[in-house]
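We count ligands from 1, going down the list as the structure has it; atoms in each ligand are counted the same way. Atoms considered below: every heavy atom in the structure, side chains included; atoms not considered: hydrogens, waters and symmetry mates.
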Amino acid sequence: MLSEKEVLAIRGRFPIFRRAIYLNSCSQGALSDSVEKSMLDLLEVWHREGSPWDLWIEQYEIARREFADLIGAEADEIAVLPSVSAGVSSLATALEFSKRETVLMGEFEFPTMGHIWLAQQQRGARIRFLQAEDGRIPAQKYAQNIDRNTLIVPVTGICFSNGFRSEIEEIIEAAHAHGSYVLLDDYQDCGTRQRDVKVLDVDFYAAGNLKYLLGAAGLAFLYIKKSLAQSLQPAVSGWFAQQSPFDFATQRFQPAISARRFESGTPPIPSIYLGLAGVRLLKEIGLAKIAEHVKRLTQELRRGADELGIVLKTPSNSVGPLTVLKCKDAAGLVKHLLQENVICSSRHDGLRISFHVYNTLDDVKTVLSSLEKHLDLVSLETQPTGTMM
Ligand SMILES: Cc1ncc(COP(=O)(O)O)c(C=O)c1O
């Protein structure tokens with residue numbers, strides 16, 4: 001467990017906390033001194049050398065190794081990408097819908113997941129959405145709906161709009177029992193706990209760097225299980241997807257034998273610099289410690305919100321990082337909180353409060369006391385006693 005002193009030292013590396021309580025890592029991670037410095041390093045070398053491509057390509061390969069290490073994968077199982085959407089789209093084009101046509105996913109997926117697979121309808125895919133029950137999509141519901149026509153089950157680790165944590169292990173087991181693939185979209189959790197794709201035995205895993213990985217927009221990665229990387233050939237490509245990009249062989253199509261075949265053009269070097277610094281900072285702190293800390297803050301927030309009678313959209317067994325409160329006016333509440341220097345975000349009728357290693361129990365107290373002032377904007381379990389007639 002991180003001590004209060006350690007958390008404060010980490011928090012001191014994120015200048016935003018000098019002026020605000022930042023609770024919006026589910027949208028964008030806060031900017032640290034080391035991530036800022038990495039950008040200055042990039043600019044410095046660019047000024048100095050003009051076109052240091054050897055160095056930049058080295059950084060891109062280092063990023064691949066760091067991402068692999070983060071999730072227990074091997075470097076050649078990782079595609080380094082400008083967005084999760086780019087990686088999942090590439091994967092979708094590599095799948096054949098003739099023998100198995102169904103893509104089965106829950107309504108909790110991030111919109112891009114719906115859009116990418118719906119776009120595959122023109123290639124014969126049949127998309128089925130599972131509806132939630134009481135804010136949850138139990139693994140059992142997946143199990144009841146996966147059959148021998150199910151090609152792939154894309155599943156979000158944490159739902160971006162209500163914080164529900166999918167029962168990944170059970171879903172993977174159910175899918176594999178029918179020979180279906182599972183794609184875990186872990187964007188809303190990666191960076192707040194340890195993950196091991198080999199232990200999970202998941203087929204594909206995607207995450208991006210701008211949220212809990214503390215980097216910036218323009219960087220994401222896709223894990224493709226080694227045994228699948230070579231048998232799947234995307235119908236989109238580019239020179240960085242080739243076995244030897246620097247052969248500059250325009251008339252030869254020879255995809256890399258690794259997950260790199262899911263890439264396309266020039267890697268996003270500035271985002272790689274920022275992303276690498278973010279991942280290194282998290283590893284330095286330790287992901288297991290971060291998970292414990294985030295869990296404690298989440299449970300404290302829940303306890304306080306329960307005391308205020310606020311309806312929570314996030315199921316009660318949540319261990320973080322995202323907690324969502326049901327609101328009458330979530331967008332309005334975000335604006336009120338901002339006036340009090342508390343930065344959160346909203347989706348539909350939910351106020352999203354997310355924690356990372358830099359948040360403290362004092363942040364929890366601050367947001368709870370701000371919420372207490374605006375109980376008219378949240379949904380309450382019961383009407384306040386004064387108004388019950
Ligand atoms: C769970 C999840 N998946 C995917 C995305 C989108 O990723 P990208 O914009 O890199 O395609 C987001 C972004 O918020 C997300 O929260």
>> Below 4.0 Å, non-hydrogen atoms only: which portion of Ser83 touches ligand 1? Side chain, backbone, both or neither.
In response: both
>> One residue to check: Val84. Relative to ligand 1, which of side chain, backbone, both or neither has a non-hydrogen atom less than 4.0 Å away?
In response: both
>> Distance under 4.0 Å to a non-hydrogen atom of Gln188: what atoms of ligand 1 satisfy this?
In response: 1 (C), 16 (O)
>> Suppose I only count heavy atoms of Lys211 and a 4.0 Å limit; which atoms of ligand 1 are within that range?
In response: 13 (C), 14 (O), 16 (O)
> Side chains of Tyr358 and Ser25: donor-acceptor distance under 3.5 Å anywhere?
Replying inline: yes
> If we ignore angles and hydrogens, is there a donor and acceptor under 3.5 Å between the side chains of Ser370 and Glu340?
Replying inline: yes
> So, does Thr102 use its side chain to make a donor-acceptor pair with the main chain of Leu104 at under 3.5 Å?
Replying inline: no
> Should Arg65 and Asp76 count as an ion pair when the cut-off is N to O under 4.0 Å?
Replying inline: no
> For Thr112 and ligand 1, does the shortest N/O to N/O distance drop below 3.5 Å?
Replying inline: no
Could you give the side-chain donor-acceptor pairs of residues 214-225 under 3.5 Å, partners two or more places apart or in another chain?
residue	atom	partner	partner atom	Å
Lys225	NZ	Asp201	OD1	3.0
Lys225	NZ	Asp203	OD1	3.1

> Of Ser27, Ser89, Ala86, Ser85, which has the heavy atom at the shortest distance from atom 11 (O) of ligand 1?
Replying inline: Ser85
>> Counting non-hydrogen protein atoms only, what is the nearest one to atom 4 (C) of ligand 1? Give residue, atom name and distance.
In response: Asp185 OD2, 3.5 Å
> So which heavy atom in the protein is nearest atom 7 (O) of ligand 1, and how far is it from that ligand atom?
Replying inline: Tyr187 CE1, 3.3 Å
> Does the pair Tyr60 and Phe240 meet the rule for a ring-ring contact (aromatic ring centres under 6.0 Å, His included), with working shown?
Replying inline: CA-CA 11 Å; Tyr60 147 75; Phe240 270 83; 5.7 Å; yes
